[in-house]
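Inspection log for the structure reproduced underneath, given as structure tokens.
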Amino acid sequence: MSIVKINALTVSPEMRETLEQRFAARAGSVENSDGFEWFELLRPVEGTDQYLVYTRWRSEEDFTNWMATSMRGPGAHGAGAQGAGGGAAGGTSEGGAERPKPAASDSALWSFEVVQQTAPKS
């Protein structure tokens with residue numbers, strides 16, 4: 001069965017729009033990856049300041065391969081943490097350009113195996 005990766009991003013109220021815009025701008029960056037099955041960006045409604053970035057993969061190997069590939073080159077946002085959400089606080093990129101301040105102040109990557117699933121009946 002599939003594996004699920006959830007990146008919990010702590011986002012202050014003033015950075016919510018920035019985070020959502022950054023994810024919208026990178027739409028399509030993971031969809032063609034081998035083994036990719038699903039993505040969702042979940043906005044908190046109440047009781048927390050954590051966004052959840054949900055991705056589902058065919059295997060751990062597929063996720064690992066995507067991470068290795070996505071971390072190469074400019075603008076890479078591995079699992080939605082760097083640039084779009086969390087990671088290092090600003091700084092300078094390899095090309096010398098100023099990187100935007102992260103929208104998230106913290107992130108944690110959670111891993112799960114799918115042991116049961118169901119879908120609506122047709």
Side-chain angles (χ1 to χ4, degrees):
M1 281 225 162
S2 304
I3 60 133
V4 169
K5 300 294 182 172
I6 298 174
N7 196 352
L9 303 174
T10 303
V11 182
S12 64
E14 61 272 6
M15 294 302 288
R16 285 180 165 202
E17 186 175 339
T18 299
L19 179 93
E20 292 178 22
Q21 287 173 350
R22 288 180 185 174
F23 270 98
R26 60 186 296 275
S29 66
V30 71
E31 284 90 331
N32 293 323
S33 300
D34 191 39
F36 170 78
E37 295 178 352
W38 198 260
F39 163 85
E40 291 178 327
L41 176 61
L42 306 176
R43 177 192 302 139
V45 176
E46 59 183 67
T48 186
D49 57 357
Q50 288 189 313
Y51 275 74
L52 299 180
V53 182
Y54 173 100
T55 57
R56 189 174 68 220
W57 299 86
R58 178 180 55 208
S59 69
E60 183 70 32
E61 181 181 15
D62 290 323
F63 173 75
T64 302
N65 289 340
W66 173 74
M67 283 291 291
T69 302
S70 71
M71 290 304 201
R72 286 187 249 146
H77 303 300
Q82 306 298 333
T92 305
S93 69
E94 289 179 22
E98 191 68 23
R99 285 184 287 189
K101 178 183 173 194
S105 61
D106 192 28
S107 68
L109 183 64
W110 304 334
S111 299
F112 300 89
E113 291 179 322
V114 176
V115 294
Q116 292 183 23
Q117 65 184 19
T118 189
K121 292 183 180 185
S122 305

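Classification of the Phe63-Trp66 ring pair by plane angle, with boundaries at 30° and 60°, yields tilted.
Asp49 pairs by the salt bridge (charged side-chain N to carboxylate O under 4.0 Å, His left out) definition with nothing, not counting sequence neighbours. Partners of Thr48 according to the side chain to side chain donor-acceptor pair (under 3.5 Å) rule, which considers only residues two or more places apart in sequence or in another chain, do not exist here. Glu61 is linked by a salt bridge (charged side-chain N to carboxylate O under 4.0 Å, His left out) to nothing, counting only residues two or more places apart in sequence or in another chain. Taking Glu17 as the reference, nothing meets the salt bridge (charged side-chain N to carboxylate O under 4.0 Å, His left out) condition, with sequence neighbours excluded. Checked against side chain to side chain donor-acceptor pair (under 3.5 Å), Glu14 has the following partners two or more places apart in sequence or in another chain: Ser12.
Met67 and Ile3 fall within a single hydrophobic cluster, where Ile, Leu, Val, Met, Phe, Trp and Tyr are joined by side-chain heavy atoms under 4.5 Å apart, directly or via other members. No path of Ile, Leu, Val, Met, Phe, Trp and Tyr side chains, each step under 4.5 Å between heavy atoms, connects Trp57 with Phe112, placing them in separate hydrophobic clusters.
Summarising the geometry, atom CG belonging to Asn7 is positioned 14.0 Å from atom OH belonging to Tyr54; distances are rounded to the nearest 0.5 Å. To the nearest 0.5 angstrom, Phe23 atom CZ is 10.0 Å from Tyr51 atom OH.
In this structure, Val11 and Ala103 approach most closely via the heavy-atom pair CG1-O, 3.7 Å. In this structure, Ala8 and Gln50 approach most closely via the heavy-atom pair CB-NE2, 3.8 Å. Arg22 and Pro100 get closest at one heavy-atom pair: NH2-CB, 3.4 Å.
Pairs passing the salt bridge (charged side-chain N to carboxylate O under 4.0 Å, His left out) check and including a residue from residues 3-12, sequence neighbours excluded, read Lys5-Glu60. Screening residues 112-122 for side-chain hydrogen bond (donor to acceptor under 3.5 Å, both in side chains), with sequence neighbours left out, gives no hits.
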Would you list the atom pairs, donor with acceptor, under 3.5 Å between side chains in residues 33-46 and any protein atom, with sequence neighbours excluded?
residue : atom : partner : partner atom : Å
Ser33   : OG   : Val30   : O            : 3.1
Asp34   : OD1  : Arg58   : NH2          : 3.2
Asp34   : OD2  : Arg58   : NH2          : 2.9
Glu37   : OE1  : Ser2    : OG           : 2.5
Glu37   : OE1  : Arg56   : NE           : 3.0
Glu37   : OE2  : Ser2    : OG           : 3.3
Trp38   : NE1  : Glu40   : OE2          : 3.2
Arg43   : NE   : Glu20   : OE2          : 2.7
Arg43   : NH2  : Glu20   : OE1          : 2.8
Arg43   : NH2  : Glu20   : OE2          : 3.3

